[in-house]
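Below is one structure, written out as structure tokens; comments come after it.
Note that the coordinates shown come from a computational prediction; the quantities given were computed from them, not determined experimentally. Sequential numbering from 1 along the given sequence is applied to the chain's residues. Hydrogens, waters and symmetry mates are skipped; everything else that's a heavy atom, side chains included, is used.
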Amino acid sequence: MLGKKLVTAQKRGETRALCLGLGMVACSMMMYFFIGITVVPFYTKSVWTTETVCKVLKANIKDKVFCPNSKGSEDEEIFPYPCLQVWVNLTASGQEVMLYQTEDTLERNPKCSYVPDKLENSKEVKARIETIASNFKKYQTFPCYYDPGGTQPNVILSRLYPAKGLLFAFLWPTLMFTGGCLIIVLVKISQYVSVLSAWQ
């Protein structure tokens, strides 16, 4: 009687462990799919793939020229802000080009190097832009990214989705997939050993 209860409990435990492993594999597949349709297209679409060194030539703030938040956006989403323009010397080609913060900055407003988030306090936005401009003047040389194909003559300060970020995004679903597969394999091994012991 006690042996039957132990066998029943063992089978329930194996079933739960097997369901856990299958659930982890299914969740990891969903995460792979989600990353594949969201992060990967932005990474592959970016043409600024090669890192080089940029040297600041000038960093100007046009106080009297205010830029819209983005092209074609709604009126309530548009807010004025001082336009920071940073021009750098590209070490790879020696050209004078405009610097943007990220790929998204160029899409939102090609006239300005930095596009702030919408804030209610305009003084805070102005102070932040002045701080960024002073940092560029203070640190004259820094790494940046350019387009080796030449389709984009400008450069960006940092990529939205660098290679390290993409690898980190795939790290967690990979660990979950490996753990789920390991649980399934251990359950199958346990079942095989149980059947072999019963047969002997």
> P116 and I129: which non-hydrogen atoms are nearest, and at how many Å?
Replying inline: CG-CD1, 4.4 Å
> Can you check side-chain contact (heavy atoms from CB on, under 4.5 Å) on T102 and S158, steps first, answer last?
Replying inline: CA-CA 5 Å; T102 61; S158 60; 3.7 Å; yes
>> As a quick check of understanding, evaluate side-chain contact (heavy atoms from CB on, under 4.5 Å) for L90 and Y146, giving each step before the final call.
In response: CA-CA 8 Å; L90 187 61; Y146 75 100; 4.1 Å; yes
> Between S190 and L186, is there a donor-acceptor pair closer than 3.5 Å when you use the side chain of the first and the backbone of the second?
Replying inline: no
>> If we count only N and O atoms by modelled type, under 3.5 Å, do the side chains of Y114 and N109 hold a donor and an acceptor together?
In response: no
> Do V115 and R108 come close enough that some side-chain heavy atom pair is under 4.5 Å?
Replying inline: yes
> For E51 and P143, which heavy atoms make the closest approach, and how far apart are they?
Replying inline: OE2-CB, 3.2 Å
> Under the 3.5 angstrom rule, does the side chain of S113 hit a backbone N or O of L99 as a donor-acceptor pair?
Replying inline: yes
> Can you check whether I184 reaches L182 side chain to side chain, under 4.5 Å on heavy atoms?
Replying inline: no
> Are M31 and F33 close enough, and set up right, to give a side-chain contact (heavy atoms from CB on, under 4.5 Å), and what steps lead you there?
Replying inline: CA-CA 5 Å; M31 292 175 67; F33 176 75; over 6 Å; no
> Honestly curious: do L166 and F168 fall in one hydrophobic cluster under the side-chain, below-4.5 Å linking rule?
Replying inline: yes
>> Are the side chains of L175 and W172 in contact, using a 4.5 Å heavy-atom criterion?
In response: yes
> Is Q152 reaching over with its side chain to a backbone N or O of V47, donor-acceptor style, under 3.5 angstrom?
Replying inline: no
> Quick one: does I156's side chain get under 4.5 Å of L106's, heavy atoms only?
Replying inline: no
>> I'd like to check C27 versus M176 (side-chain heavy atoms, cut-off strictly below 4.5 Å). Are they in contact?
In response: yes
> Considering all heavy atoms of both residues, which atom of I61 and which atom of P82 are nearest to each other, and what is their separation?
Replying inline: CG2-CB, 3.8 Å
> Which heavy-atom pair separates A17 from V187 by the least distance, and what is that distance?
Replying inline: CB-CG2, 3.6 Å
>> Are V88 and L57 packed together at the side-chain level, in the sense that at least one heavy-atom pair is separated by less than 4.5 angstrom?
In response: no
>> For F170 and V40: C-alpha separation, side-chain torsions, deciding distance, then whether side-chain contact (heavy atoms from CB on, under 4.5 Å) applies.
In response: CA-CA 10 Å; F170 279 106; V40 175; 3.9 Å; yes
> Looking at F142 versus F136, is the centre-to-centre ring distance below 6.0 Å?
Replying inline: yes
> To the nearest 0.5 Å, what is the distance between NZ (K138) and OG1 (T131)?
Replying inline: 11.5 Å
>> Please determine whether residues W48 and L160 belong to a single hydrophobic cluster, defined as Ile, Leu, Val, Met, Phe, Trp and Tyr linked transitively by side-chain heavy-atom distances below 4.5 Å.
In response: no
>> To the closest 0.5 Å, what do you measure between CG (D147) and OG1 (T50)?
In response: 8.0 Å
>> With clusters defined by side-chain heavy atoms of hydrophobic residues (ILVMFWY) lying less than 4.5 Å apart, directly or transitively, does M98 cluster with V155?
In response: no
> Looking only at side chains, do S46 and E103 share a donor and an acceptor under 3.5 Å apart?
Replying inline: yes
> Given the rule that I, L, V, M, F, W and Y join up when any side-chain heavy atoms are under 4.5 Å apart, are F34 and M29 in one cluster?
Replying inline: no
> Of all residues at least two apart in sequence or in a different chain, which pass the ring pair (Phe, Tyr, Trp, His ring centres under 6.0 Å) check with Y161?
Replying inline: F42
>> Which heavy atom of A133 sits nearest to which heavy atom of A59, and what is that distance?
In response: O-CB, 4.4 Å
>> With heavy-atom distances below 4.5 Å as the criterion, would you say the side chains of N89 and C54 are in contact?
In response: no
> Rounded to the nearest 0.5 Å, what separation is found between the CE atom of M24 and the OG atom of S28?
Replying inline: 8.0 Å
>> Any non-hydrogen side-chain atom of Y100 less than 4.5 Å from a side-chain atom of N154?
In response: yes
>> Check for me, please, whether Y81 and V86 land in the same ILVMFWY cluster - side-chain distances under 4.5 Å, paths through other members count.
In response: yes
> Closest heavy-atom contact between P173 and Y32?
Replying inline: C-OH, 3.8 Å
